[in-house]
Amino acid sequence: MTSADNLRAFKRDGRIVVVGASLAGLRAAEALRAEGFTGSLTMIGDELGEPYDRPPLSKQVLTGWVPADGTRLPRRREIDAEWLLGVPADGLDLATNHVRLADGREVPFDRVLIATGVRARPWLVESEAALDGVFVVRTREHAEGLRRAMAAGPSRVLVIGAGFTGSEIASVCRERGIPVTVAERAAGPLVGALGAKIGEVAADMQRAHGVDLRCGVKVTRLEGDAQGRLRRAHFDDGGTIDADVAVVALGGIRNTEWLRDSGLAAGVWGIACDTGCRALDLNGLITDDIFVAGDVARCPNPIYEYRLISLEHWANAVEQAEIAAHNMVSGQADRWPHLSIPSFWSCQFGVNIKTVGVPTFADEVAFTQGSVADRRFIAAYGYRGRVTAAVSFDNAKWLDHYRGLIETAAPFPPPHATPDQPADMKPVPVDFPGPTLLAQGATVVVTGHDPGERRVTSAQQHR
């Protein structure tokens, strides 16, 4: 048979297994059926119940606007799949093309999509993490448990970590009139994602809303009473604080341990893949039948000098899932690259924060529109003289403009006048607390609009 005949036969009778039954897995399954795949489709997930949306868990669920069991993801189409839920995957055998489950079952496949995502990083001391009143927020059960604890009227909530999730939870506490202390090792909230200048704005915003924000400190111990209930937290500066609820918001752990002996390039940073979402093996070679999508994928982005980047973004998971699904049932000449510019949003303390691009890929930042004092502005990020990202506080209508600047490697700071431009647009160092994604290399621009025609071409760097 010709390769075209083989592809038609695979779309008709092939076996695809999706490991990870959350956002990326569901959207990929829907896209596979939309692409004309009529073969066997198996969905494997470690949680019971159908896929649900995670962003509301640290927002609407905690405020009581949306019940935890009301976050089920809407279906775009029927997928006619076999669902194996409540049992995690425990291994991947590339020699025999089987996914091994934790209960010993083996699921055969012709092609597999890995979309196992991340889990919440727990508190480092197991006995302290088990105290009544200590929470993480990643699943519906986590969010419902924390909502009940908040509804009980705690004397104080301690949030450990002032990233996006921690800041959103602190915002909900203040919205509900609950005293809250936020402990952050960095110099300010959101510094690891958006840099020190935006961190200063976020810190002022939190304190203005009554948050007891403590930066540059580390929680060293969580203390419980004789009944095993949280009562106090200790800091490395010698201070203590009484609290009966603590939320550990220290980021996520990518679910790759089950792939340890698989031969794939998988580790704590995720699973390396190409822009077509095909996984790489330990030698860096592309696998033909193993695909990756969502939070667990480390995908090279040509805009960011082909660095392997993992993103825990809702939109990225959806876009990557659709690219992976298309490529799983397409010939080599018809495959698409994943070239979308990342975007992200957060709502906290009455302010809508949105980003486009990768702010950590920057060495300078400049406030280009609006007023920092009013917390209504846009800041653009640049690296070596080109625009690489932007963040907006209550001013998102201009982000598509900045997306275009990123895609075309426009000079930084942006040379063209925009409405509401501040008098001083002088760039300042972006000042991230840890390693960033900076490197030297080629600059590219994105062409096309539809996934089938979207490509990059080389461009001269701005100096």
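The first residue of the sequence shown is numbered 1, and numbering continues consecutively from there. Just so we're clear, the structure is a prediction, and the values are computed from it rather than from any experiment.
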Just so I know, are the side chains of Val296 and Val118 near enough to count as touching, which here means a heavy-atom distance under 4.5 Å?
no

Nearest 0.5 Å, please: how far is CG in Leu131 from CZ in Arg229?
11.0 Å

Do Leu32 and Ile79 come within less than 4.5 Å of each other through their side chains, counting heavy atoms only?
no

Ionic contact status for Arg111 with Asp289, cut-off 4.0 Å:
yes

Is a side-chain N or O of Glu184 found less than 3.5 angstrom from the main chain of Ala162, in a donor-acceptor match?
yes

With distance as the sole test, does Ser171 use its side chain to make a donor-acceptor pair with the main-chain N or O of Ser167 at under 3.5 Å?
no

Arg77/Glu30 salt bridge by N-O under 4.0 Å criterion:
no

Taking the side chain as everything from C-beta on, heavy atoms only, tell me whether Val87 gets closer than 4.5 Å to Asp46.
no

Distance, nearest 0.5 Å, that separates OH of Tyr306 from CD1 of Ile303
8.5 Å

Taking Thr355 for the side chain and Val391 for the main chain, is one N or O donor matched with an acceptor at less than 3.5 Å?
no

Looking at every heavy atom in both Gly45 and Ala21, which two are closest together, and how far apart are they?
CA-CB, 4.0 Å

Check this for me: does any side-chain nitrogen of one of Arg148 and Glu144 sit under 4.0 Å from a carboxylate oxygen of the other?
yes

With rounding to the nearest 0.5 angstrom, report the CD1 to CD1 distance, Ile353 to Ile198.
9.0 Å

Check whether the ring centres of Phe164 and Phe344 lie less than 6.0 Å apart, and answer yes or no.
yes

Below 4.0 angstrom, N of the basic side chain to O of the carboxylate: do Glu312 and Arg254 qualify?
yes

Option from Met205, Gln348, Gln206 for which side chain to side chain contact (heavy atoms under 4.5 Å, CB included) with Leu190 holds
Gln348

Once you round to the nearest 0.5 Å, how far does CZ of Arg207 lie from CG of Asp212?
8.5 Å

Are any non-hydrogen side-chain atoms of Ser346 and Glu168 less than 4.5 angstrom apart?
yes

Could you go step by step and tell me if Glu223 and Arg231 meet the salt bridge (Lys or Arg N to Asp or Glu O under 4.0 Å) rule?
CA-CA 6 Å; Glu223 178 185 340; Arg231 285 294 177 256; over 6 Å; no

What closest approach, in Å, do Leu146 and Phe135 show between heavy atoms, and which atom pair accounts for it?
N-CE2, 3.6 Å

Between Tyr381 (side chain) and Phe361 (backbone), is there a donor-acceptor pair under 3.5 Å?
no

Is it true that Glu141 and Arg147 make a salt bridge, defined as a side-chain N closer than 4.0 Å to a carboxylate O?
no

Salt-bridged, Asp295 to Arg138, with N to O below 4.0 Å?
yes

Consider side chain to side chain contact (heavy atoms under 4.5 Å, CB included). Of Leu280, Ile114, Asn97, which one does Ile290 pass it with?
Ile114

Strictly under 6.0 Å, is that where the ring centroids of Phe37 and Phe10 end up?
yes

Show your reasoning for whether side-chain contact (heavy atoms from CB on, under 4.5 Å) applies to Phe235 and Thr220.
CA-CA 5 Å; Phe235 302 98; Thr220 57; 5.7 Å; no

State whether the side chain of Thr42 and the backbone N or O of Glu82 hold a donor-acceptor pair below 3.5 Å, judged by distance alone.
no

So which atom in His313 and which in Ser343 form the shortest heavy-atom distance, rounded to 0.1 Å?
ND1-O, 3.4 Å

For Ala362 and Thr388, the nearest pair of non-hydrogen atoms, with its separation, is CB-OG1, 3.9 Å

Within a 6.0 Å radius of atom CG on Asp261, are there more than 12 heavy atoms belonging to other residues, nucleotides or ligands?
no

In terms of heavy-atom contacts, Ala297 and Gln320 come closest through CB-OE1, 3.6 Å

Heavy-atom distance under 4.5 Å between the side chains of Val157 and Val247, does that happen here?
yes

So do Ile271 and Arg298 actually touch side chain to side chain, heavy atoms under 4.5 Å?
no

Can a salt bridge be assigned to the pair Glu47 and Arg54 using a cut-off of 4.0 Å between side-chain N and carboxylate O?
yes

Hey, is CZ on Arg260 packed in by over 12 heavy atoms from elsewhere, all under 6.0 Å?
no

Taking the side chain from Arg119 and the backbone from Thr139, do they hold a donor-acceptor pair closer than 3.5 Å?
no

side-chain contact (heavy atoms from CB on, under 4.5 Å) between Leu222 and Val134, worked out
CA-CA 9 Å; Leu222 298 176; Val134 178; 4.1 Å; yes

Check Asp90 against Leu101 and note the closest heavy-atom contact, atom names and distance.
CB-C, 3.8 Å

Between Thr360 and Tyr304, does the side-chain contact (heavy atoms from CB on, under 4.5 Å) criterion hold? Intermediate values first, please.
CA-CA 10 Å; Thr360 50; Tyr304 299 103; over 6 Å; no

Side-chain heavy-atom pair Val125, Trp123 within 4.5 angstrom cut-off:
yes

Partner of Arg232 under side-chain hydrogen bond (donor to acceptor under 3.5 Å, both in side chains), chosen from Asp242, Asp225, Asp244
Asp242

Please determine whether the number of non-hydrogen atoms from other residues, nucleotides or ligands lying under 6.0 Å from atom CD of Gln227 exceeds 12.
yes

Please answer whether the main-chain N or O of Asn6 pairs with a side-chain N or O of Lys11 as donor and acceptor at a distance below 3.5 Å.
no

Between Thr181 and Arg214, is the side chain to side chain donor-acceptor pair (under 3.5 Å) condition met? List the steps.
CA-CA 7 Å; Thr181 295; Arg214 305 187 182 194; 5.0 Å; no

Are Glu50 and Arg75 within salt-bridge range, i.e. N to O under 4.0 Å?
yes

Does Arg12 offer a backbone N or O that forms a donor-acceptor pair with the side chain of Thr38 under 3.5 Å?
yes

Strictly below 4.0 Å, N to O, side chains only: are Lys59 and Glu175 in salt-bridge contact?
no

Could you go step by step and tell me if Val18 and Ile44 meet the side-chain contact (heavy atoms from CB on, under 4.5 Å) rule?
CA-CA 6 Å; Val18 177; Ile44 297 172; over 6 Å; no

Main-chain N/O of Asn352 paired to Asp394 side chain as donor or acceptor, under 3.5 Å:
yes

Pro55 and Asp53, any side-chain heavy atoms less than 4.5 Å apart
yes

Enter the distance from Met43:CE to Leu26:CG here, rounded to the nearest 0.5 Å.
6.0 Å

Rounded distance (nearest 0.5 Å) linking atom SG of Cys299 with atom CG of Asn316
8.0 Å

Look at the side chain of Thr287 and the backbone N and O of Ala279, then say whether any donor-acceptor pair between them is shorter than 3.5 Å.
yes

